[in-house]
Amino acid sequence: MKNILIIGGGAMGSAFSIPCLENRNRVTITEPYSKIFIKNHLTKNKFHSALNMRLPKKLKFRKFSKNLLNENFDLIVIALSLSGIDFIGRELKSLGIKTPILVLTKGLKYEKKTNKLFTISERFKKKYNMKNISILKGPCLAKELARKNQTSVIVANKNINIAKKIGKIISTKYYLTEFSKDVIGVEICSAIKNIYSMIIGAGQSLNASSNLFQKSVIEMSYLTKYFKGEEETTLSLAGVGDLYVSAAGGRNSKMGSYLGKGYTFKTAKKRFMLHDTVEGEQLAREIAPYILKKVKRKKIPLMENLLKTIINNKKLKIKV
Ligand SMILES: NC(=O)c1ccc[n+]([C@@H]2O[C@H](COP(=O)([O-])OP(=O)(O)OC[C@H]3O[C@@H](n4cnc5c(N)ncnc54)[C@H](O)[C@@H]3O)[C@@H](O)[C@H]2O)c1
């Protein structure tokens, strides 16, 4: 039995608690930011609004505090969205915490000062002196995991034994883990699939989307290699695996479908998805300053097109 702290009481952090508890760990969840999620966890019946279900009674909720972070956990899981990454980096750095960290967050960070793009694990290591970091990515809809639908994910660490140890702690017969040493490749793929699922969603028929899917995979391979990941990681759960689930049923592809119909991003957001977070949009704004300046555009025409569509609020030019 291990003592696990999950930081982030949103859909994914809460769903992740379910296999961890089933595997007989002691699991505590904390929420540093959202009043709604704090309320969800504090109510007596533990009804989680985003998951639309009650969470296990055994899941302990604790108020977020420095004292809590300092307690003796075997694993700290970060399940915040990208916008919370620097906040938690600062908190953990100030306390000098050495506990192994597992990051579920998907995305990339742009640093204006150096004009560089960082994966989340690079950011944690370089800016916040965090050392023992593993990442977990792959095709996982939180609602499905919470209902114990079979889900396969990938845990990555340069030291594969650490990744495997984490796999043992968290996996169940419905939550299966694969392993990789290619931390950068896994992080790059799992981030940029949010953009490519918008592109695939822009296809106005299955035939058109399939064409965009195939071209997206080629661009994902190029970018993975560009950022010094392994090209074959594109074919892993973190690459095509996650791309499939996001293109088939996510908010990114829904937004993509409106872009494909000729709406600008702002109009589509206001008219059809006002209260939805579109992770692909957030990532597009984060990475555009780097990608549009530094990467050969001929190699990534779909990415270039989508980034310009979002940041300039123009109509999508891809032929769909
Ligand atoms: N690794 C996986 O298998 C997997 C699967 C699905 C989602 N995810 C990733 O997990 C992350 C969370 O997804 P989710 O579906 O739970 O989202 P969510 O919107 O349900 O929850 C977001 C969480 O981030 C916190 N947050 C938001 N803005 C913040 C800020 N500025 N400062 C601090 N905290 C902030 C929220 O309070 C909440 O805890 C995303 O990056 C998503 O891509 C990972």
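Counting convention: from 1, in listed order, for ligands and their atoms alike. No hydrogens, no waters, no symmetry mates; every other heavy atom, side chains included, goes into these values.
Which of L104, L283, L141 comes nearest to atom 9 (C) of ligand 1 through a heavy atom is settled by distance: it is L104. Across the listed options S152, A79, G10, A79 owns the non-hydrogen atom lying nearest to atom 12 (C) of ligand 1. The closest heavy-atom contact to atom 19 (O) of ligand 1, among the options F16, Y33, F37, comes from F37. For atom 15 (O) of ligand 1, the choice among G84, P32, A11, G13 with the nearest heavy atom turns out to be A11.
Taking atom 37 (O) of ligand 1 as the reference point, the nearest protein heavy-atom neighbour is E31 OE2, 2.5 Å. Atom 2 (C) of ligand 1 has its closest protein heavy atom at K106 CE, 3.7 Å. Residue, atom and distance of the protein heavy atom nearest to atom 43 (O) of ligand 1 are E279 OE2, 2.7 Å. The protein heavy atom nearest to atom 23 (C) of ligand 1 is S81 N, 3.7 Å. The protein atom (non-hydrogen) at minimum distance from atom 6 (C) of ligand 1 is C140 O, 3.3 Å. Of the protein's heavy atoms, L80 O, 3.6 Å lies nearest to atom 11 (C) of ligand 1. Atom 1 (N) of ligand 1 has its closest protein heavy atom at L136 O, 2.9 Å. Protein heavy atom nearest atom 7 (C) of ligand 1, with residue, atom name and distance: M12 CG, 3.7 Å.
Donor-acceptor pairing under 3.5 Å is recorded for the side chains of E187 and S121.
Contacts between A50 and ligand 1 below 4.0 angstrom, taking non-hydrogen atoms only, are absent altogether.
For G107, the closest heavy-atom approach to ligand 1 does not fall below 4.0 Å. Proximity of T277 to ligand 1 is not established, as no heavy-atom distance is less than 4.0 Å. Using a 4.0 Å heavy-atom cutoff, A142 is absent from the residues neighbouring ligand 1.
Note that NZ of K308 and CG of N313 are 15.0 Å apart. Values are rounded to the nearest 0.5 Å. Here CG of L117 is found 6.0 Å from CG of L108. Values are rounded to the nearest 0.5 Å.
Less than 4.0 angstrom separates atom 17 (O) of ligand 1 from none of the non-hydrogen atoms of the protein.
A side-chain donor-acceptor contact under 3.5 Å links N40 to the backbone of S49. Judged by distance alone, the side chain of K137 and the main-chain N or O of A238 form no donor-acceptor pair under 3.5 Å. Side-chain atoms of N25 come within 3.5 Å of backbone N or O of K2 as a donor-acceptor pair. Panel note: side chain N252, backbone S197; no donor-acceptor pair is recorded below 3.5 Å. With T233 contributing its side chain and G185 its backbone, the two residues share no donor-acceptor pair below 3.5 Å. N157 contributes a side-chain N or O that, together with a main-chain N or O of N159, makes up a donor-acceptor pair within less than 3.5 Å.
Checked against the 6.0 Å centroid threshold, F61 and F37 do not count as a close aromatic pair.
Under a 4.0 Å criterion applied to the non-hydrogen atoms of K137, ligand 1 contributes the atoms 1 (N). Ligand 1 places these atoms under 4.0 Å from at least one heavy atom of G9: 39 (O). Close approach to S34 involves these atoms of ligand 1, each under 4.0 Å from a residue heavy atom: 37 (O). Proximity to G8 (heavy-atom distance under 4.0 Å) selects the following atoms of ligand 1: 39 (O).
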What do the steps show when you test T30 against H41 for side-chain hydrogen bond (donor to acceptor under 3.5 Å, both in side chains), and what is the final call? CA-CA 9 Å; T30 189; H41 285 279; over 6 Å; no

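Taking the six-membered ring where tryptophan is involved, the planes of Y258 and Y263 are perpendicular, since the angle between them exceeds 60° and thus also 30°.
The cationic group of R285 lies under 6.0 Å from the six-membered ring centre of F265 and within 45° of the ring axis, placing it in a cation-pi geometry.
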